[in-house]
Amino acid sequence: MSNDLKKLNSMMLRLLMLVLLLCIMPNAMAQEEDDSEEDSPDIVLRGDGKCTKCHDETSDYPVFAIGKTKHGTVADSRTPTCTSCHGESDQHINNEETMPPMPSRTFGKNSTTPILERNQACLDCHQGGKRMNWIGSAHANRDIACTSCHQIHTDRDRVRDKMTQSETCFACHKEQRAQINRPSRHPIREGKVVCSDCHNPHGSAGPSMTVRDSVNETCFTCHMEKRGPFIYNHPPAQENCAICHNPHGTTAPNLLKVRSPFLCQECHEPNTHQSSLGTITGAYARNTLARGCMNCHTNIHGSNNPENVRNEGLFQR
Amino acid sequence: MKLPFSFQIKVAATLLIIASSVWAEQDENIKRLTKPQSTINFGAGYLFNDNARFGQFNGLRDDGFYGIFNLDIVRRNDDTGTWFKLQGRNLGFKNRDIRLEHSRQGNWGYFFEFSQTPRYEPFTANTAVGGIGSSELQVPTTPTAGGPEHLKTERESFAFGINKFLPANLELQLHFKNEDKDGARIFGRGNRLGPPGPTAVGGYEFLPEPINYTTRIFGATLNYNGKDLQLSGGYYGTLFENKNKALTTTGGSSVGGIFAPGLFTPIALPPDNQAHQAFLSGGYSFNPHTRGTFKASYTIASQTDGFFPTQLAAPGAPSNLHGKVDTTLVQAALTSRPLSKLNLLANFRYEDREDKTPVFLYNPNAFNVDLNGNRWTGFNTPRSFRTFTNKFEASYALPMNLRLIGGIDYEHWDRTGTPQTTGHRNSTDELSGRVELRRSLAETLTGTISYIHSDRWGSHFLTQTTATGQPFFNLIAPINLADRNRDKVRLLLNWEPFEPLSVQAAVDHSWDDYNGDRNNSGFGMQKGIARNYSLDAVYTFSENLQANAWFSRNETQIDQASRTPAPRVPWSVKLENLSTSFGVGINGKPHEKLDIGTNITYSEITDKFKQSIVEVDCCPGNTPVPDIKFKQGRWNLFARYALQKNLGLRLDYILDYFRTNEWTWSGWTYTDGTRLIQDQNQWVNFLGISAYINWQ
């Protein structure tokens, strides 16, 4: 009886081990050994097994990091599969060669996929909201691909990080790269003002793709005290801040394009003191030093002073 | 051979352990690679030098220790797609940001955000003016030496927003932002102290402007995102509130009789104002090749802030401006690809900014003869604008991945208003034509060359007159209204001569030819030239080591002319801004535990003021405006060493350099004795050591 019991125990143990091994081994070894498409498990996205069986972290094109992103949040049923963006790519997938043909749609710098087609892959989901005006925008018309600026397979898309966004923009906008280092500037280097605070790179109804409908309305989002209207309005300040200011950086104070009195002399008649030479000594140094013309015309954007004293239209108080 | 049962057990157990550990390790690896990661970074930094420029926007101005604290906590519930994010940056500095975000992706979300932005005035004011920061200043009546004041303003903003996806492809978004800005900034008052003349003496006083603003921006947007049709409509509101209505002073100079600076009180400060906008924008894809977009908005802006009490109000003047500006915007665009090689774009934009502010006589005194013998009107000056902007563009694909693009832009402005001290014309038109040849999708060489020509012209200039109808000079066409021809050439080349190296060269030149004079005066804007050259290179030594370098040369030149005060000698000036900048950077991972990166940027900028004459009989004692030079550079270095898988140390070093001979304030003393100074040679060293912890 005890021998029978021992045999039974032994048999049960072996069966148990066999079951455990059968259960565990396929899971453990599947990713290393099983090359069949049907058995490749999904790692990140729905149906990505046929891709991740090759594109793991040892691949030249690793893709796992997309799992950290919103695209990799599969609980959201709207999120894409690999083939939503890269196409079905049958020839790429069903090819045993070491250098298979490229996927149907690629996005790298040497991609031969037409840019319209690349961007359409993004626009299929991201056409609304702030990207409504992409088609027809200056960037779209200059063959800028979404992936020229955005990194999709990473949780740290540099253009969406305030500290690094400007580097992406400066890849093309070289003049602005130099201007943000000028003595009078916005705090762009500190990441407190970024390009997308003023510009919508996906297109807008405003000039120069400003986030609001006009240059001034964009500036007013932070400098609303200049909006007025005032009793006495300085016409260029109402028309376009950029007549006098360069928001990307200048050597003249307060982002002025040119120093006083030269800036003011671009519009004002040579009556008396307005047309003085630039000088740092003598009576007319008052037009050049310190705040220049604004030493007297202090409320230069406009004055709301109702006082009935002399000519207050000169913005002196 | 029959193996003992105990041996079979050991073999099976070993296999089981190996399999389990392989499985567990792979599971851990996959989790590390696919799940969001959180990081906390904390430590301390030491600033070795007091400075005014480096710390202008981050508060790192006074030497000493500063805390380093950054956090980036990200959690995701994979079952529900619910994210929790808490991100804090520069929490130990004065330019801190913190944002909390909680959302169920594709369903709902909300966020809270706090941001602090200081701005320190880079000049130190040595002043005896009292009450700085308030709206009531005490100004010395005679020049008085004072102590140092470091003016600053600081913005603190708090924002929150909510979004909710609704059935039928709808999404509702609500947002609100409140920003307080407090502090004081450079401001002042001044006047000549008597009739105009070449040696007229002036009085100028330093009156820091009190800043105590609140700005609120809020709105609601309902988005519809269909396959072909997208719509976005809603409300956008903005409110500005200034706690200080006017700046009043006591004291101040009484020299100059009725023109004495001390009498220039109160000084108006920016009034409260608000705007409310309703908007609707949309896009519709008629077919895969044709899409239309539009935006329509209507904005009502008003300024009804009550005037500050005054004993000198004009009879019949209202208690506030009753300012009202209504703006209508209509914009529409159509893009189409009628042929596989041909793209067409048409864009139309119309904006009508109608200033409906009622006109009152605020200042009968303006009719009195001024210091120059002129009389002016004392009515308020509402101005309206109407703009039409049209754009048409066609592009055609050529062989060899080339594309030829041609476009025409047209802009028309209508302006109301009457000329007084500057020229005015009721309308301007600008027509631009451009042609561009672009090569893309090629492996080694891509680029663009383009040429743009534009002409601006307008209606006749209205004759400027004083209140008595006397012509007032009419010699200069303002820069934004003057006739102008502009030519611009752009070249951009991207070249990858071999795999690890990519080079980018960009050149653009533009020439502006103004007709800035009127009545053949020869004054006003004459010419403008801009030249920009840049060269960038990136070299990838390996996956773990990349280097980049760039160089830029930027030059602008403006030629303009005027004439001196009596005896009215014509003069001209060539204003040049010359800038040379470069940067070099390298980033790498020389060891699996070590990340390093460093970059250097350097700029030299020179402003030149080439005046045709320096001295005229009218105005003795002139000194030519000296060139202004700025040199600034920065060296950043960081190294990150992993002590363990999820724990490491980070070192940051910054060397910042600023040097200038700027004379803006160095030769100036206010009548009250105030002087502004800056250290013209600033070297700053900052060293930070911090630890970071990652987890998932």
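Just so we're on the same page: letters track the sequence lines, and every chain starts at 1. Predicted, not measured: the structure shown is a model, and the values here were computed from it. Worth knowing before you read on, the calculation uses all heavy atoms, side chains too, and leaves out hydrogens, waters and symmetry mates.
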For this session: Identify which part of B:Tyr362 has an atom lying under 4.5 Å from any heavy atom of chain A, answering side chain, backbone, both or neither.
Result: both
Exercise. What's the shortest heavy-atom distance between A:His268 and B:Ile476, and which atoms?
Worked result: O-CD1, 3.3 Å
For this session: Return the orientation label for the A:Phe262 and B:Phe609 ring planes: parallel under 30°, perpendicular over 60°, tilted otherwise.
Result: parallel
Problem set entry | Side-chain H-bond candidate by donor/acceptor type, B:Ser115 with A:Lys192, under 3.5 Å | yes
Exercise. Are B:Ser534 and A:Arg177 linked by a side-chain donor-acceptor pair shorter than 3.5 Å?
Worked result: no
Exercise. Any side-chain heavy-atom pair from A:Asn133 and B:Gln331 closer than 4.5 angstrom?
Worked result: yes
Problem set entry | Side chain proximity check, B:Phe307 to A:Asn305, heavy atoms < 4.5 angstrom | no
Exercise. Does the side chain of B:Gln105 come under 3.5 Å of the side chain of A:Thr73 through a donor N or O and an acceptor N or O?
Worked result: yes
Exercise. Pick from A:Pro183, A:Ser276, A:Gly282, A:Gly292: which one has the most heavy-atom pairs with chain B under 4.5 Å?
Worked result: A:Pro183
Exercise. Using a cut-off of under 4.5 Å for heavy-atom pairs, which of A:His301, A:Arg182, A:Met294, A:Gln120 has the most such pairs with chain B?
Worked result: A:Arg182
Seminar exercise, completed: If one checks every heavy atom of A:Ile243 against chain B at 4.5 Å, the contacting part turns out to be side chain
For this session: Could you tell me which portion of B:Ser552 (side chain, backbone, both or neither) has an atom closer than 4.5 angstrom to a non-hydrogen atom of chain A?
Result: side chain
Exercise. Is there a donor-acceptor contact under 3.5 Å linking the side chains of B:Thr238 and A:Arg227?
Worked result: yes
Exercise. Can you check whether A:Pro187 reaches B:Arg119 side chain to side chain, under 4.5 Å on heavy atoms?
Worked result: no
Problem set entry | Region of B:Leu329 in contact with chain A, defined by heavy-atom distances below 4.5 Å | side chain
Problem set entry | Part of B:Thr34 within contact of chain A (heavy atom distance under 4.5 Å) | both
Problem set entry | Least distance between heavy atoms, A:Met163 atom then B:Arg89 atom | CG-NH1, 3.2 Å
For this session: Indicate the atoms forming the closest heavy-atom contact of A:Arg291 with B:Trp665, along with that distance.
Result: CG-CH2, 3.9 Å
Exercise. So which of B:Thr601, B:Asp536, B:Asn58, B:Ile628 has the biggest tally of heavy-atom pairs under 4.5 Å with chain A?
Worked result: B:Asp536
Exercise. Would you say the side chain of B:Thr564 lies within less than 4.5 Å of the side chain of A:Ser275, judging by non-hydrogen atoms?
Worked result: no
For this session: Name the region of A:Phe230, side chain, backbone, both or neither, that has any atom closer than 4.5 Å to a heavy atom of chain B.
Result: both
Problem set entry | Heavy-atom proximity to chain B below 4.5 Å, by part of A:Arg142 | both
For this session: Say whether, by atom type as modelled, one donor and one acceptor occur between the side chain of A:Thr281 and the main chain of B:Gly621 under 3.5 angstrom.
Result: yes
Problem set entry | Neighbour count above 12 (heavy atom, 6.0 Å) for A:Lys162 NZ | yes
Exercise. Does some side-chain heavy atom of A:Glu266 sit less than 4.5 Å from a side-chain heavy atom of B:Ile558?
Worked result: yes
Exercise. So do the side chains of B:Thr215 and A:Glu225 get within less than 4.5 Å of each other, counting heavy atoms only?
Worked result: no
Exercise. Within a strict 4.5 Å, meaning less than it, do heavy atoms of the B:Arg192 and A:Thr272 side chains meet?
Worked result: yes
Seminar exercise, completed: Whatever's closer than 4.5 Å to a heavy atom in chain A on B:Phe187 counts as both
Seminar exercise, completed: Distance col, row B:Thr421:OG1 vs A:Glu269:CD, nearest 0.5 angstrom, shows 8.5 Å
For this session: Measure distances from B:Gln230 to the heavy atoms of chain A and classify the residue's part below 4.5 Å as side chain, backbone, both or neither.
Result: both
For this session: Heavy atoms only, distances under 4.5 angstrom: which of A:Ala205, A:Ala140, A:Gly128 has the most pairs with chain B? Name it, please.
Result: A:Ala205
Problem set entry | Contacting region of A:Glu57 [heavy-atom separation from chain B under 4.5 Å] | side chain
Exercise. Which bit of B:Ala275 comes within less than 4.5 Å of chain A, counting heavy atoms only: side chain, backbone, both or neither?
Worked result: both
Exercise. Taking every heavy-atom pair that is under 4.5 Å apart, which of B:Asn474, B:Thr389, B:Thr327, B:Ile186 has the most such pairs with chain A?
Worked result: B:Asn474
Problem set entry | Full working for side chain to side chain donor-acceptor pair (under 3.5 Å) between A:Arg317 and B:Thr265 | CA-CA 7 Å; A:Arg317 58 176 173 174; B:Thr265 181; over 6 Å; no
Exercise. Non-hydrogen atoms of chain A under 4.5 Å away: do they reach the side chain of B:Tyr670, the backbone, both or neither?
Worked result: side chain
Exercise. B:Gln303 and A:Asn304: side-chain donor and acceptor closer than 3.5 Å?
Worked result: yes
Problem set entry | Between A:Val63, A:Leu277, A:Asn254, A:Thr298, the one whose heavy-atom pairs under 4.5 Å with chain B are most numerous | A:Leu277
Problem set entry | B:Arg563 versus chain A, the contacting section by heavy-atom distance below 4.5 Å | both
For this session: Check whether A:Leu116 gets within reach of chain B through its side chain, its backbone, both or neither, counting any heavy atom under 4.5 Å.
Result: side chain
Exercise. Measuring heavy-atom distances to chain A, does B:Ile479 have an atom under 4.5 Å in its side chain, in its backbone, in both, or in neither?
Worked result: both
Exercise. Of the listed residues (B:Ala333, B:Pro266, B:Pro382), which shares the most heavy-atom pairs with chain A below a 4.5 Å separation?
Worked result: B:Pro266
Exercise. So which part of B:Phe385 gets closer than 4.5 Å to some heavy atom of chain A, the side chain, the backbone, both or neither?
Worked result: side chain
For this session: Please state whether the side chain, the backbone, both or neither of A:Arg185 comes within less than 4.5 Å of a heavy atom of chain B.
Result: both
Exercise. Salt bridge check: are A:Glu239 and B:Arg415 linked by an N-O gap of less than 4.0 Å?
Worked result: yes
Exercise. Any idea which of A:Gln265, A:His273, A:Lys70 has the most non-hydrogen atom pairs under 4.5 angstrom with chain B?
Worked result: A:Lys70
For this session: Output the option from B:Ile605, B:Asp508, B:Val616, B:Asp305 having the highest count of non-hydrogen pairs under 4.5 Å with chain A.
Result: B:Ile605
For this session: Could you tell me which portion of B:Asn95 (side chain, backbone, both or neither) has an atom closer than 4.5 angstrom to a non-hydrogen atom of chain A?
Result: both
Exercise. Which region of B:Ser603, side chain (C-beta onward) or backbone (N, CA, C, O), has a non-hydrogen atom less than 4.5 Å from a non-hydrogen atom of chain A, or is it both or neither?
Worked result: side chain
Seminar exercise, completed: For B:Ile217 and A:Thr221, the nearest pair of non-hydrogen atoms, with its separation, is CD1-O, 3.6 Å
Seminar exercise, completed: Ranked by heavy-atom pairs below 4.5 Å to chain B, first place among A:Gly302, A:Ala65, A:Cys222, A:Pro253 goes to A:Cys222
For this session: May I ask you to name which of B:Asn223, B:Asp97, B:Val74 has the most heavy-atom pairs under 4.5 Å with chain A?
Result: B:Asp97
For this session: Measure distances from B:Asn532 to the heavy atoms of chain A and classify the residue's part below 4.5 Å as side chain, backbone, both or neither.
Result: side chain
For this session: Might you point out which heavy atoms bring B:Asp78 and A:Ala75 nearest each other, and give the distance in Å?
Result: O-CB, 3.3 Å
Exercise. Among side-chain atoms of B:Arg438 and A:Asn141, is any donor-acceptor pair under 3.5 angstrom?
Worked result: no
Exercise. Which atom names give the shortest non-hydrogen contact between A:Thr279 and B:Asn622, and what distance separates them?
Worked result: OG1-CA, 3.3 Å
Seminar exercise, completed: Ranking B:Val625, B:Leu321, B:Leu345 by heavy-atom pairs under 4.5 Å to chain A gives rank one to B:Leu321
